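Here is the structure we will look at.
In this text the structure is predicted, and so the values were computed from the model without any measurement. Throughout, residue positions are numbered sequentially from 1 according to the sequence presented.
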Amino acid sequence: MGTPYSAIITLIVAAGVLNIIMSLYALSGRSKLATVKTFFVFSMMAAIYTFGAALELASDSLQEIQFWIKIEYLGMPFLPPLNLLIILSYLGMERYLRRDLQIAMFAIPVVTMLLVMTNEWHHLYYRDIVLRTGISGLKVDVIAGPWYIIQGAYTFACLIGGVILLLRSWRRMPSYRLQLGTMLIGLILPLIGDFLYLGGLTPDGIDPIPVIMTITSALYLWALTSKGLFHVAPIARDNLFASMRDGVLVLDLDSRLVDFNPAAASMMPELSASAIGEPLHDLWQHHATVEPVFCLEDSRVSDNGDADIQEIQWQVGGKMFKYQIRSSTVRNQRGREAGRLIVLIDVTERARLQEELLQMAYYDGLTQIYNRAHFMKLSRAILSRAVLHREPLAFLLFDIDYFKRINDVFGHDIGDQALLHVVMVTRKALRPEDLFARYGGEEFAIAMPDMTPSEAEAAAQRIRTKLVAQPLVTPEGPLQITASFGIASVNSSSRSRSGTENEEDGGSEAVRTVAPFNLQRSVELEPIATDGEAEIWWDSELKRLLKMADRALYEAKRSGRDTIRVADEES
């Protein structure tokens with residue numbers, strides 16, 4: 001047969017069990033709590049209080065009731081200041097509490113506990129405890145002593161102070177309102193219960209706080225396990241954080257969203273208060289296809305907290321941006337890792353300027369093909385590879401005929417159009433591996449890997465023929481454009497695609513230099529040259545080849561223009 005308060009006792013015991021579960025969850029390390037020790041102590045004190053209250057209701061004598069009241073007070077006086085400390089830590093305000101001030105917060109609860117344990121000697125806390133008559137169960141009435149009032153006032157001060165702090169943070173932390181609301185409920189319900197109890201409005205004068213803790217404990221446990229309550233205190237959640245132009249995301253150690261600022265919400269429109277406590281990976285994939293930098297399983301953030309930086313393409317509303325992503329570790333006051341800070345920086349404009357500088361450094365401004373400097377750099381690499389691998393290579397220089405006359409007669413605008421027309425026609429006649437550049441003025445250069453002299457001459461002939469066949473259309477009618485070509489080559493006939501002559505010589509006599517370029521000497525010198533010496537040497541040989549091609553070009557011009565000449569060994 002149960003007691004008259006069996007249902008109430010069951011609820012109170014449930015509250016104690018929930019608090020034990022929360023304390024174990026906090027200690028397990030799975031919660032990643034920023035204030036794990038404080039929350040553990042809070043949960044254990046709440047469990048002691050609720051179990052004591054349940055056993056008080058189940059008692060059969062006044063002596064048992066007095067005993068279990070003492071057990072309740074091993075935990076109950078400490079709950080309000082512990083709750084306040086958790087709130088201060090959560091709001092990033094515990095730095096304002098000196099160590100001695102934190103200790104002082106527990107002076108009154110400690111005195112209360114000692115006075116309750118020794119109340120029979122002095123009656124400073126309870127003047128008397130008497131059995132209540134006229135009710136169905138065994139229940140006592142307490143007559144408050146002077147320290148009871150002090151403890152009650154202190155309890156109300158801690159609870160009301162916590163409510164004020166949470167309400168002040170409500171407007172400036174809109175993305176955290178679920179967590180703030182959970183803590184507000186955990187304070188307001190006990191306040192209401194205390195007023196009802198002190199006003200004698202509860203059934204049979206039963207203290208409602210242990211029953212209320214069944215609700216608040218269940219709510220805390222839900223928020224703790226599903227929404228990451230207390231995972232990372234929003235220390236940076238102030239005006240600076242909210243007004244930053246860079247997007248900021250705060251994650252816990254499970255890559256779940258803990259906080260974000262308005263700039264991040266504009267970069268990721270899906271972010272909202274409901275996203276707090278949810279994994280960020282899926283949201284990230286809506287905007288970027290690369291693996292997110294905040295993946296903690298394979299994070300590259302160093303142990304000393306240095307930020308990992310990467311730049312990625314970012315899509316928002318159909319528009320493409322360039323974002324720099326910085327990831328760094330968030331640590332608590334003891335230096336333990338508590339989460340991850342992700343900063344999203346819009347570098348679209350900077351990337352555009354860098355691309356423009358790259359274009360200026362590598363490409364001709366008018367024709368958008370390589371400029372001379374970049375052509376020389378790439379050609380050195382092509383030349384060294386061709387020589388060391390004994391592969392043919394051709395260089396072709398060509399010049400627009402009578403270009404000065406085009407500028408003088410038709411104007412520089414038509415002259416620019418003529419350059420663009422020549423580039424357009426030439427590109428269509430080249431292979432993807434050919435290197436095409438504006439060499440200077442109206443002169444162009446082409447590097448043709450793996451091409452013998454005859455193949456390069458055939459390629460030049462194709463370009464020349466296409467130029468003749470496709471005049472430039474101008475407002476004054478078609479303008480015929482021609483060009484003169486000069487070719488110089490490095491060739492190994494044993495490796496040529498057009499024949500296999502001299503293969504029986506084993507390659508030593510298979511080298512034929514069209515321009516005065518000693519292939520055998522290059523192979524012999526390269527292995528013993530230092531990096532600096534090798535670069536100077538290859539530069540010298542490249543200039544020698546281009547000079548031969550240039551001589552052949554001017555020979556073509558002297559021969560009447562619109563023709564092709566190949567440099568020979570006597571050039």
Closest approach of [X] and [Y], non-hydrogen atoms and distance?
X      : Y      : result
Trp68  : Gly52  : CB-O, 3.7 Å
Gly162 : Ile87  : CA-CD1, 3.9 Å
His122 : Leu115 : CE1-O, 3.2 Å
Ile48  : Gly75  : CG2-N, 4.2 Å
Met267 : Gly247 : CE-N, 3.5 Å
Phe39  : Ile86  : CD1-CD1, 3.8 Å

So [Y] and [X], do their side chains get closer than 4.5 Å, heavy atoms only?
X      : Y      : answer
Leu271 : Leu257 : yes
Arg431 : Pro449 : yes
Val41  : Phe78  : no
Glu56  : Ile12  : no
Pro109 : Met76  : no
Val343 : Ile325 : no
Ile150 : Val111 : no
Leu435 : Ser379 : yes

Reported [atom1]-to-[atom2] distance for the pair [X] and [Y], which is rounded to 0.5 angstrom:
X      : Y      : atom1 : atom2 : answer
Thr38  : Asn83  : OG1   : CG    : 11.0 Å
Thr155 : Ile108 : OG1   : CD1   : 9.0 Å
Leu184 : Leu165 : CG    : CG    : 10.5 Å
Arg245 : Asn261 : CZ    : CG    : 12.5 Å
Ser59  : Ile69  : OG    : CD1   : 8.5 Å
Leu187 : Leu84  : CG    : CG    : 8.5 Å

Under 3.5 Å donor-acceptor, [X] side chain and [Y] backbone:
X      : Y      : value
Thr50  : Ala47  : yes
Thr329 : Arg340 : no
Asp128 : His123 : no
Tyr125 : Thr118 : no
Arg427 : Phe436 : no
Thr214 : Leu11  : yes

* After noting the C-alpha distance and the side-chain angles of Met113 and Val116, does the key distance pass the side-chain contact (heavy atoms from CB on, under 4.5 Å) rule? -> CA-CA 5 Å; Met113 181 189 69; Val116 170; 6.0 Å; no
* Steps toward side-chain contact (heavy atoms from CB on, under 4.5 Å) verdict (Val13, Phe51) -> CA-CA 6 Å; Val13 170; Phe51 282 132; 3.9 Å; yes
* Name the orientation class of the two ring planes belonging to Tyr148 and Tyr126 (parallel below 30°, tilted from 30 to 60°, perpendicular beyond 60°). => tilted
* May I ask you to decide if the ring planes of Tyr363 and Tyr370 are parallel, tilted or perpendicular, using 30° and 60° as cut-offs? =>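 Ring orientation of Tyr363 relative to Tyr370: parallel.
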* Tell me, with the steps shown, if Met117 and Leu74 meet side-chain contact (heavy atoms from CB on, under 4.5 Å). => CA-CA 9 Å; Met117 298 301 131; Leu74 291 175; 4.1 Å; yes
* **For Met213, the option from Ile215, Ile209, Val211 that meets side chain to side chain contact (heavy atoms under 4.5 Å, CB included)** =>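 Exactly one option meets the side chain to side chain contact (heavy atoms under 4.5 Å, CB included) with Met213, and it is Ile209.
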* For Phe260 and Met268, what are the C-alpha separation, side-chain angles and deciding distance, and is it a side-chain contact (heavy atoms from CB on, under 4.5 Å)? -> CA-CA 10 Å; Phe260 62 90; Met268 304 178 70; over 6 Å; no
